[in-house]
2 protein chains.
Amino acid sequence: MPHAPRPRGPKPIRMDPDRILDAAQEVFARDGLRAASLRAIAKQAGCDPALIYYHFDSKEAMFTALLARRFPPILQELEVVAAADDPRPTALRLWEVVRIYHRHLKADPAIRSLIRGEIVRGAEGLSGLIEVRIRPIVMAIRSILDQGITRGDLRADLHTLLGTFFLARMHLEILDLLPTVLPRLMGLPHDQAVETGLHVWFDLYWRGIARDPLAPLPPLPELAAAPLAIKETRP
Amino acid sequence: MPHAPRPRGPKPIRMDPDRILDAAQEVFARDGLRAASLRAIAKQAGCDPALIYYHFDSKEAMFTALLARRFPPILQELEVVAAADDPRPTALRLWEVVRIYHRHLKADPAIRSLIRGEIVRGAEGLSGLIEVRIRPIVMAIRSILDQGITRGDLRADLHTLLGTFFLARMHLEILDLLPTVLPRLMGLPHDQAVETGLHVWFDLYWRGIARDPLAPLPPLPELAAAPLAIKETRP
DNA sequence: CCCATGATTCAACATTCGTTGAATTGGACT
DNA sequence: AGTCCAATTCAACGAATGTTGAATCATGGG
C-alpha cells in the first residue's frame, strides 16, 4: 500500500507564532510538559510539527516563550498593590494579591503544573528562567507582609518569606487539587470548591499572621471581578 | 561489529520482588512516574527489564504495589493518634500527625510527587487506588479536628475537611519545595529549611484553627524522634 | 514573467519506550 | 542421572518521540 504518496500541501494560511503558543499552552495544560508531544501541539495548532521548529528552537524554547508571555502581566499588577504608599489595610491588600493570582492562574493549569513539576527537579536551564520570573513575584508579596508588620497590622514575629510561600503555594494547591479531590473525597459540589476553599483559606491564613487574630476581617471584594484595568496580551 | 552475540546469563542470584520495588521507588523518585523507564528500574535493580514483567503485570502494577507497601503503616499510626479516647490536647495530637507524616514521607519523594502528579489528571485506574489509600488518612486527621471542636479546643466554625486539606497539603509542599526553592530564592541554608518551615507553618496553622489563637502552644516534641514503636517494613 | 525569499509540509532518521515470546539457567525432586 | 519448573535473560516488535533536511507552496519585486 503506497498510502497516497504526495497530495502536497494546500494550506495557504499564515500561522502566527502566538497561535502556536496558544496551542502549546492548551496541550501542556492537558498533558503536562513532558508528556505533551510536538505532534499533539501541531495538531492543536493546525499545522505541521516541523513548522514549530521554524518558529522556535526546541520544545524547551516554546516553554520559556510561554513563561515570558504570561508572567509579566501578573508581576505588573502585583507591584501596583505592593507599592509602599498603598493606604489600604493589609488584609485588603493581601486579598487583592489572592484575586490577582486567581484571575491570572485559574484558567491556566499549564503554568501551574509546569512550574510545580519542573521546578523541583531543575529540568536543566528551565529552572533558572523560572527563578527569574518567580523571584520578583515573591518579593512583591513579601514586601506587603513587611509593610504590614511596620504598620502594626501583622504580628511582629512573622516570618515574611515563609508567609509568602504559604500564601502563594496554598493558592495553587487549592486551584489544582480542590476541584478534583473534594468531589471525589466527599459529596461536595465542585462548582464552588475553589471559591469557598480560597475564602476559608484566607480566613485561616489571616488569623495566623494578624497581630490581632480575632479582629474581624473587613468585607472582601468578590474574587472574579477585575480590580484594575490592565490591557490583556491578545490585542 | 557483531557486539558479542550470546554470552548467555551467568547470574544465579534470586531477585526478590521487594528489591525491584526498592529500585522502582528510587527511580520514580528521581525521574517521576512517567519519565521513569523500566530499563532504568531494571538497571537499578541489577536485572533484566523482562524480569519485571515476570513479577509484575505492568508498570502501573508496580506503582500500585508501591502504594500498597507504603500507605498502610502511615494509616496505622495515624489511627492511633485519632482514637477518640486520646486524652492529649488537640494541638499536641495535630503535631503528632505532622511528625508521623514527616517521618514516613520525608525520605520518599517518589510517592509525594507521584500522588501529586498523577492524582490531578486521573491516569485512568490509578486515581481510584490512590483514593482508596488517601481517604482513610484524610478521615483520620479530620476526626481529630472534629473532636477538637467538641472538646472546645478549636473554633466552632472550622471547616474540618478543608482544615485537613490545608494541613496535609502544605506539609507536602514544605517537603517538596522548600529545600530547593528557599536556598535558590534567598541565601537560606537548606539544611534546616524543612524543620523551620514546618514549625513556622504549624504555628500559623494553629492560630488559624484554635478557638483561642493567642494562647501559647504547648512544648512540641522534636520532629525526628519516633513517637511510637511500629515495626518497619524491612525485616 | 520570473525568480528570490519566507512560510509550510513531507518524509525520514535515530532513540527510546513498554511489552512479549522464545530460549536458557539453576536448582529441587525422583 | 534425568526431569520438571520457576526464575531469568535475549532479542526483537511496534509505537511514539524530538528533530532535521529536502522539497513544495505562496507571494511580492524586478
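Keep in mind that what you see is a predicted model, and the values were worked out from it rather than measured. Below, chains carry the letters A, B, ... as their sequence lines are ordered, and counting in each starts from 1.
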What is the distance, to the nearest angstrom, from the [atom1] atom on [X] to the [atom2] atom on [N]?
X     : N      : atom1 : atom2 : answer
A/I41 : D/dT19 : CD1   : P     : 11 Å
A/Y53 : C/dA12 : OH    : C1'   : 14 Å
A/K59 : D/dT19 : NZ    : P     : 8 Å
B/D48 : C/dT19 : CG    : C1'   : 12 Å
B/R34 : C/dG18 : CZ    : P     : 11 Å
B/F28 : C/dG18 : CZ    : P     : 9 Å
B/F56 : C/dT20 : CZ    : C1'   : 18 Å
A/F63 : D/dG18 : CZ    : P     : 15 Å

Any residue meeting ring-ring contact (aromatic ring centres under 6.0 Å, His included) with A/F202, in chain and number order, not counting sequence neighbours: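 Only A/W95 meet the ring-ring contact (aromatic ring centres under 6.0 Å, His included) criterion with A/F202.
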
Whether [X] contacts [N] is assessed here as follows: a side-chain N or O lying under 4.0 Å from the phosphate OP1 or OP2. Is that the case?
X     : N      : answer
B/S37 : C/dT16 : no
B/H55 : D/dA6  : no
B/Y54 : D/dA7  : yes

Sugar-phosphate only, base, or nothing, as touched by A/A35 at under 4.0 Å among non-hydrogen atoms: nothing

Touch class at under 4.0 angstrom, heavy-atom based, for A/A40 against every strand present: nothing

Of A/P49 and A/R39, the one whose closest DNA chain C nucleotide lies more 5':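 Per heavy-atom nearest nucleotide, the more 5' residue is A/P49.
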
A/G197 to A/I174 - nearest heavy-atom pair and separation: O-CD1, 3.7 Å

Residue pair A/P221 / A/R99: nearest heavy atoms and the distance that separates them: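 Where A/P221 meets A/R99 most closely, the heavy atoms are CB-NH1, 3.3 Å.
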
Expected output: side-chain B/R112 to main-chain B/L105 donor-acceptor under 3.5 Å: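 The answer is yes, because a donor-acceptor pair under 3.5 Å joins these two groups.
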
Residue A/C47, side-chain heavy atoms: nucleotide from C/dT9, C/dG18, D/dT9 that is nearest: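 For the A/C47 side chain, the nearest candidate turns out to be C/dT9.
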
Which nucleotide in D/dG18, C/dC10, D/dA7 has an atom nearest any side-chain atom of B/L51: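 It is D/dA7.
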
A/D48: partners by side-chain hydrogen bond (donor to acceptor under 3.5 Å, both in side chains), with sequence neighbours left out: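 Not a single residue meets the side-chain hydrogen bond (donor to acceptor under 3.5 Å, both in side chains) criterion with A/D48.
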
